[in-house]
Amino acid sequence: MSSPPRDQDRNASSTTDATPPTHPVDLTGTDVSPEVLRALYRDMVYARHLDDEAVALQRQGVFPAYVPLRGQEAAQVGSAAAMDRTSDFAFPTYREMAVAVTLGVDMVGYMASHRALWHGGLYDPSRSRLAPINAVVGGPVPHAVGWALGAQLDGTPGCALAYFGDGASSEGDVHEAMNMAAVFQAPVVFLCQNNQWALSVPNRDQVAGGSIAARAAGYGMPGHEVDGNDVLAVYTTTRAALARARSGGGPSLIEARTYRLGPHSTSDDTRRYRSEDTERQWARADPIERLYTAMLAAGTVPGDDSFAAEVREQAQEAAASMRAGVRVAPPPSGEEMFTHVFSEPTDELLRQQRAWREEVELG
Amino acid sequence: MSSPPRDQDRNASSTTDATPPTHPVDLTGTDVSPEVLRALYRDMVYARHLDDEAVALQRQGVFPAYVPLRGQEAAQVGSAAAMDRTSDFAFPTYREMAVAVTLGVDMVGYMASHRALWHGGLYDPSRSRLAPINAVVGGPVPHAVGWALGAQLDGTPGCALAYFGDGASSEGDVHEAMNMAAVFQAPVVFLCQNNQWALSVPNRDQVAGGSIAARAAGYGMPGHEVDGNDVLAVYTTTRAALARARSGGGPSLIEARTYRLGPHSTSDDTRRYRSEDTERQWARADPIERLYTAMLAAGTVPGDDSFAAEVREQAQEAAASMRAGVRVAPPPSGEEMFTHVFSEPTDELLRQQRAWREEVELG
Amino acid sequence: MSQLLHADSGQGPGTAVSASASASASRRPEAHHEGPDLRQALNAALDRALTEDPRTLVLGEDVGRLGGVFRVTAGLQERHGHHRVFDTPLAESGIMGLCVGLAMQGWRPIPELQFDGFAYPAVDQIVNQLARMRYRSRGAFPMPVTLRLPSFGGIQAPEHHGESLESLFAHVPGLNVVAPSTPAEAYTLLLQSVRCDDPVIFLEPKARYWDREQIQLPPPDSTQELDAAPLGTSRVARPGRHATLVCWGSMVRTCLEVAELAAEDGVDLEVLDLRWLKPLDTAGLAASVARTGRAVVVHEAPLTAGLGAEVSARLMERCFGELRAPVQRVSGFDVPYPAGPLEHQYLPTLDRILLAVQHTLEF
Amino acid sequence: MSQLLHADSGQGPGTAVSASASASASRRPEAHHEGPDLRQALNAALDRALTEDPRTLVLGEDVGRLGGVFRVTAGLQERHGHHRVFDTPLAESGIMGLCVGLAMQGWRPIPELQFDGFAYPAVDQIVNQLARMRYRSRGAFPMPVTLRLPSFGGIQAPEHHGESLESLFAHVPGLNVVAPSTPAEAYTLLLQSVRCDDPVIFLEPKARYWDREQIQLPPPDSTQELDAAPLGTSRVARPGRHATLVCWGSMVRTCLEVAELAAEDGVDLEVLDLRWLKPLDTAGLAASVARTGRAVVVHEAPLTAGLGAEVSARLMERCFGELRAPVQRVSGFDVPYPAGPLEHQYLPTLDRILLAVQHTLEF
Ligand SMILES: Cc1ncc(C[n+]2csc(CCOP(=O)(O)OP(=O)(O)O)c2C)c(N)n1
Ligand SMILES: Cc1ncc(C[n+]2csc(CCOP(=O)(O)OP(=O)(O)O)c2C)c(N)n1
Ligand SMILES: [Mg+2]
Ligand SMILES: [Mg+2]
């Protein structure tokens, strides 16, 4: 055998070469205001608590499953915070809970997807500027391009923000979307969270060449690799990319390099494919700590830990209120299976709905 | 409207910026033998005559349609000639007739596809080292990667050569295939003939960034842009890429920049989308002339034009024999509709076949 | 009525590979020498749709400057501008994803995919995204997208240019599917589709593109009400007493020809043009069979799991007592769509349909 | 028999979201506490396939190190090496394209696509390439590819994880389609599929993955002949006299439960497990209905153009005189597959099937 698939010569316990970045966020000379910094911190802490709460709800059998984002708070909060919430629109995958937090999405409505009440979630996507949760890897990325093209055609200043993962970068749809966006010069920012894993498959067996940001050059658009655990870096990079798009400069691609600290989903077992060692190393690159340390040093927050305590308390409340909400959230009526299919139900669907009703009443 | 789709600001008569390369092929110091050069010349001339003959057969109603390759002879002959015909395998689109010529494919069998006798052609694809004609743009490219991976797993020295066009570069399958090839380090060469047009759509509205070769870097593989009307350049570049792949160096991408001198197909009308001016300019970059002039100058062929005359005569014979063959080629029996579906026909298919037979006998 | 079997032997449906095909249609019931052909009717409907609603868009491969390979969109870009009518890169999945995003922005896209067989790469975006975005978002994002798909066979085209996808699409909740049969029908059904707030898969019978009808097409700025039956209503193309031929798209003309031939033998066939394949007009089907007691369903798609099965099943469910013979199906065989000369052995011929009628009547 | 309607109310098919689901199956006809579960049976069949034929390969997303999200491929990479069992990048279309190329090289790939809904992106490669490469090449390239697809619903999973694609695939000439219902069946049918020289779409009933059966699975190096009925043969899972329940995959257990309940009321139902959905066992269907005179077909897929229609149409064609009532269909509704609590209102319940049985018997 001349040259086998790369799988073979791979050592199961050395799956990533990157050294986790543990240094504090660099606030020197930043034009980002202390209010914004504190808001970024708050959103990350909220997300962390809500994430932990969701994992707990799964353990307790309230959620059939959940997809934790622990470790990716900076990548999500930093990018979403850069959006103009009056005009921009975000297209999430299934793991963008911290984006939802940042956009102020109703968390009971958001978690309704994981509670298995309604696949897309029960929040208002139009008002939230967040498309329904999308479980097809790569699938929503071309939607972002279409949305952005629509904004461009309308002459409105809206930009689209398309979230996807390192695994998604292998999908044809992501390529088609990037090429189209660059051909049309559509105002869209492609935000890849490279958390180094697509379920059990590491970058090495997924991303030829090793860099998703490097793909941008092939489409003639800017590609930025950014420390995805540095919320300020993600924020300013996204802000610049959105500004560029808004002013007619076309699309760009940002690869936020981060790490999925938890399992792929609550049904996953990471021991089967990666070492706890690396997990522990990356845990030390906690994006929340990295911002807080910097804010403390810069005097953005008081030195007595009161800010952290206050935020923690609020986040706990948010988590508790989410828990309370999802526990009592009523399942949608079976009628809703039928009412959202078409704008006007067809005769056949009405017949089926009647049959369903009769059976429910009988049963 | 802020920034419209690029379509708008496009001037219908200026569709390509590239200046057609009209200079003779540079034979200085080449390691390519005179025999090979003459063979490249011969194959190009054969292809030209067969192509013209096919267009004529379409005009005379023998072929329902045909897809001319005029202008692309160097890109096709140069790349195919670099193959090792005992171990390599080529995956064509619908326009690779000159590849077939170079590989010695039976031309009556090849043209059977255009004569609408059998979609994939009636040549022997295994012996010919040429996969059946494939009409799905981008579709066969992943096959080449699978074939190459199979050769790699077998430990045989075979390489795959995947042909596709500039339009195909927009398809998701081409991206998925390139990423997979590079992840697996499969022995495959991606050969893009950028003939500047995908039917009526020019590169400008198709290929973001303007270079297909530049996409290779994003997969961590070599990308070469080559003068596609210089048969020697295409030949040596492909030869090097195949050698690299064969020795375990992995895939590479070659973009042969050329020009489709004729219509997309015999049903097409190029006046609707491009200027005759550019067509005329590119006609002066004739790859056959460019090699012949160089061979004359280098003494590779006698100065009295006897070689050209001899080749022309042989090519005319080949074209005539193709014409004679396709005119009398019998349509496959309707039985063949049924016999090639499965290795063993199902009961239901046998039932349908019997019904078809009865109807044919009645009708 | 066995002599019927020979009445028309040798005359299958016309091969309409060129614009002159209608010339050979003189003996056909709905054939006219004057009036617009089906392509012109579609063009007029698109022109009107673009005129009456500034949110409509026409997009796809080669629909802009070229006006589509069949010229259905000819002139639209000149008349409505490069923003409303534009070419896209060659990427079917991306095109449909683009449309989902455009619809989320409030646009009403009318994409074209160039041929039936090239809708397969877009199936994911159509099934997983387009068909359920309204449902997923609980009505927040209606999807008024009309996908135009030149469909069915009969024109001696290359592989993948003769496919019938109605059964695939009709199975997908959230989609409407329609196939017009005449110029007048095409005009009305296309406008109806575009005005519908839900996705419509619009299957154009490409073998009938050159069929003409003596009708007056309204000007693009017409404000006259459309004289259209509600969405999902079938049409009695020919009333009859002895049996019902159920058909759609290209097969309607074929069935009308069958009915003419049968009439010569005193057999009075009703021809029911379903038009809408989803929603399927169960009431119309049942009403027709209530009159005739017998039905033959005719389609080009392969037999197994074709839409004929659904028609047959519904008729059994609704008309069990009235059916005097089992519903017969005349269809393509369970084989891949074949090339040229085999095409008319694959497609339902007049003889095969007459034979089924005979079986039904003699049952 | 109206009291039947309440006999089992509230007890739909078990939700098998965790490996412990079989515990709740104690009252079920085919439930066992001991013996291998369906996943283990599949694993044993794959192990044997890899052992007995060195040309077989197992590939897909997360099938290698992880052993698949359901652990169906667990341990295979360790036992057969990284060349025979390997992870691919996340690209469904590319994976199936890869398999076409591998098969052209003489390999016998057994790809997995992770969930039913993620087969849609691969439909083009499956329909346009895999299903017709043998046909296109007139037998030169057989396609012995078995696509494993965890299918159907019932496990409270996210969107796109509960789909039934049998009707789509059964319509495609050149494909075989099979859905096992028990561990023993799964073992035999998977080996049979892998040994078949043509493509097989192997639909695994994921809600039955944890069902156990007291059988002895042969060791991987077993050379014992498979005790298998010919490809395309159905199985009488329970003989009966009053009516036939036609089903496959997950619905077989459900139908056996229905039969148990009906038996308590003296109604003797035959349960026909189709197993093969293409080729469909028309003879087996006809034989059963010849005995019972009545049939109800049960599937999870939406009603319209579902495979139930084909079953119904064939029964009418073959057994018109014997049918004492119209064939009834009990299926999912014509709505997108819903989330969690609505899942069991969407899926055929015992009550709905019993109601249909009652209608049939009272007809
Ligand atoms: C088209 C498609 N294929 C497969 C899956 C199953 N799946 C869900 S998540 C996942 C891995 C995704 O990895 P990545 O894109 O890196 O995102 P991450 O999960 O790391 O956030 C897979 C294979 C899917 N949801 N969609
Ligand atoms: C998947 C797919 N989409 C659309 C088509 C219709 N079509 C045939 S050729 C062509 C243009 C292809 O352009 P390119 O890849 O540049 O190759 P060229 O024709 O220039 O050789 C199109 C759109 C197709 N055959 N396959
Ligand atoms: Mg990832
Ligand atoms: Mg081209």
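All chains are named by letter (A, B, ...) in the order of the sequence lines, taking the proteins before the strands, and each is independently numbered beginning at 1. Heavy atoms only: backbone and side chains are in, while hydrogens, waters and symmetry mates are out.
- When side chains are defined from C-beta on, Glu176(B) counts as touching Glu171(A), because their heavy atoms get closer than 4.5 Å.
- Taking 4.5 Å as the limit, some side-chain heavy atom of Tyr219(B) sits within range of a side-chain heavy atom of His175(B).
- Of the two parts of Ser170(A), the backbone and the side chain both hold a non-hydrogen atom closer than 4.5 Å to a non-hydrogen atom of chain B.
- Trp282(A) places a side-chain heavy atom less than 4.5 Å from the side chain of Pro21(A).
- For a residue to count as touching a neighbouring chain, one of its non-hydrogen atoms must lie under 4.5 Å from one of that chain's; by this rule Val174(B) does not touch chain A.
- Contact annotation: the side chain of Thr156(B) never approaches that of Ser87(B) to less than 4.5 Å [non-hydrogen atoms, C-beta and beyond].
- Looking at Ser247(A), there are no atoms closer than 4.5 Å to chain B (heavy atoms on both sides), in backbone or side chain.
- Among Gln206(A), Arg215(A), Met178(A), the residue making the largest number of heavy-atom pairs under 4.5 Å with chain B is Arg215(A).
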